[in-house]
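Some notes on the structure that comes next.
Every chain is numbered from 1, with letters handed out A, B, ... down the list of sequences.
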Amino acid sequence: MRPVNLTTVLLTLIVALTFQLYPWSGQGVILRPDFLLVVTLYWVIRAPHLINVGIAWFAGLIVDLSTGSLLGQHALAFGFAAFLALLYQRRLVLFNRWQLTVYVFALLISERAIVLMLKLFADNENPGLSYFWPVITTLILWQLMVLMFGAPTRPRH
Amino acid sequence: MLKGVHQKLEPQESPAFFVRGPSPFSRMMFFCALSIVLMAVDSRLNYLAQFRQTFIAALHPLELIAQAPSDWGMNIRHYFTAHGRLLDENQALKQEAVQHKVLLQRLQTIELENAHLRTLLQGNVPIIPKAILGEILHMGRDPFSNVIVVNRGTHHDVKAGQAVVDAEGVIGQVTRAFPFSAEVTLITDDNLAIPIQVERNQLRAIAFGEGKSNTIDLPFLPTSVDIKVGDRLVTSGIDGVYPAGLAVATVTEVRQSPDSPFAKIVSTPIAGVNNHLQLLILSLPEPQQSAMPTEATQVTAETAKVAPTTSPSPTAKPSIENKPNASR
């Protein structure tokens with residue numbers, strides 16, 4: 001696992017934001033992955049000294065602004081997911097790849113659940129269970145991140 | 001991984017592995033509190049409108065980059081569109097234009113006659129609103145609300161509160177205007193209400209969106225109400241936002257349940273709410289124009305002046321930031 005520098009991290013975050021802004025239309029919109037979330041979580045697990053709860057929260061705030069939702073909804077969910085990732089970060093790097101994938105799956109579900117809860121509190125309509133489908137595509141994206149930047153786990157000898 | 005941090009520290013201090021600043025829990029609590037405060041401020045107070053607008057404007061170049069691939073794809077597809085199909089389409093459009101022109105000639109004379117009659121009766125001459133042609137950028141990124149984003153903003157004189165229509169009927173209302181784009185809430189959104197009139201018998205009512213199901217609801221009408229399946233609902237024009245006579249929806253279902261004093265009337269929107277690219281943004285009628293100096297019309301002119309601002313308008317408030325706050 002090579003050390004990472006802040007420039008790489010910020011660049012990937014900006015690229016993820018660009019993908020987040022891509023105009024989706026038609027039925028595929030139901031599967032749109034959370035580009036920014038998966039990149040943020042990857043760097044939180046891989047480089048917690050660079051990306052912490054604060055930056056994850058800020059990334060969530062940007063998602064709030066770009067979706068036009070109430071400020072702080074996605075920010076809170078991103079911050080909480082980053083917190084859950086950091087909580088067991090030292091153990092996570094000892095996991096193997098599939099264990100880590102399962103944990104990331106839980107993180108993504110928790111983020112969606114928090115946003116759903118906050119949205120329902122704010123009198124939005126319930127989109128139903130299909131709201132959780134993008135977790136699957138986001139998980140595929142996670143594997144792509146692992147392929148591109150290496151697994152955030154410690155190599156075994 | 002922690003090499004960078006390690007170098008910055010004094011050699012006597014604890015190893016970098018243990019030095020991570022405040023614990024994740026305390027950070028999380030701090031940012032949770034911050035976002036709860038933000039949510040409260042954003043939903044109850046209006047301080048953040050300017051911040052949001054500035055940010056969206058700053059995001060515009062990134063948005064353009066994101067849209068570039070799909071634009072290229074569209075261009076390539078257009079380039080390869082069969083020549084013959086375009087010719088056919090052109091022919092059909094020309095025919096349609098001629099037909100419309102014939103109808104328009106009649107309409108113009110009738111409109112002139114109508115205006116003349118109205119001046120004779122000292123009524124207000126109906127104003128035909130100006131319109132801006134816009135194009136749908138995307139269907140909104142939030143799966144919780146029925147909004148579309150169009151490519152016209154405050155730079156093109158679009159303001160929050162304006163009505164948005166397409167060739168068939170009303171689509172919705174601009175709820176947020178950003179410098180280069182605007183957010184249009186569709187009439188199917190459950191926060192948007194629109195004053196309507198049944199075309200057949202001029203019965204007035206207020207229609208509410210139903211959210212996900214893509215239908216429009218007419219609540220609080222008695223079971224004995226004279227509305228039948230197939231009735232066309234048009235805008236009544238009493239709100240000062242939508243000009244009168246625009247098609248809104250057709251009634252598809254009228255149900256009477258024995259345990260409710262109200263009929264359940266479901267209608268579907270006429271405009272292609274989900275399948276058009278071009279749409280028109282109508283400018284808000286200016287209240288000064290309807291004020292006439294003649295004594296006889298003083299009362300009506302004044303009510304017309306007051307109506308768009310102070311009347312308990314059931315449609316969305318034309319403020320820049322607020323989501324439509326219709327109270328059921």
Give, as side chain, backbone, both or neither, the part of [X] having an atom under 4.5 angstrom from any heavy atom of chain B.
X      : value
A:N5   : neither
A:L61  : side chain
A:S66  : both
A:F19  : neither
A:L116 : both

By a 4.5 Å heavy-atom criterion (distance strictly below it), what part of [X] contacts chain A: side chain, backbone, both, or neither?
X      : result
B:F31  : both
B:L137 : backbone
B:F30  : neither

Nearest atoms (heavy-atom pairs only) where [X] meets [Y]:
X     : Y     : answer
B:F25 : A:F83 : CA-CE1, 3.5 Å
B:I56 : A:L65 : CD1-O, 3.4 Å
A:G72 : B:S35 : O-CB, 3.4 Å

>> Donor-acceptor pair, distance only, cut-off 3.5 Å: does the side chain of B:D42 make one with the backbone of A:L71?
In response: yes

>> Keeping B:R176 on the side-chain end and A:G68 on the backbone end, is there a donor-acceptor pair under 3.5 Å?
In response: yes

> Would A:L17 and B:L59 count as a side-chain contact (heavy atoms from CB on, under 4.5 Å) if you check the C-alpha gap in whole Å, the side-chain angles of each, and the deciding distance to 0.1 Å?
Replying inline: CA-CA 10 Å; A:L17 177 61; B:L59 219 58; 4.2 Å; yes

> Checking side chain to side chain contact (heavy atoms under 4.5 Å, CB included) against B:I65, which of A:T18, A:V15, A:L21 comes through?
Replying inline: A:T18

> Going through the distances and angles, do B:M28 and A:L87 end up as a side-chain contact (heavy atoms from CB on, under 4.5 Å)?
Replying inline: CA-CA 11 Å; B:M28 194 267 295; A:L87 199 61; over 6 Å; no

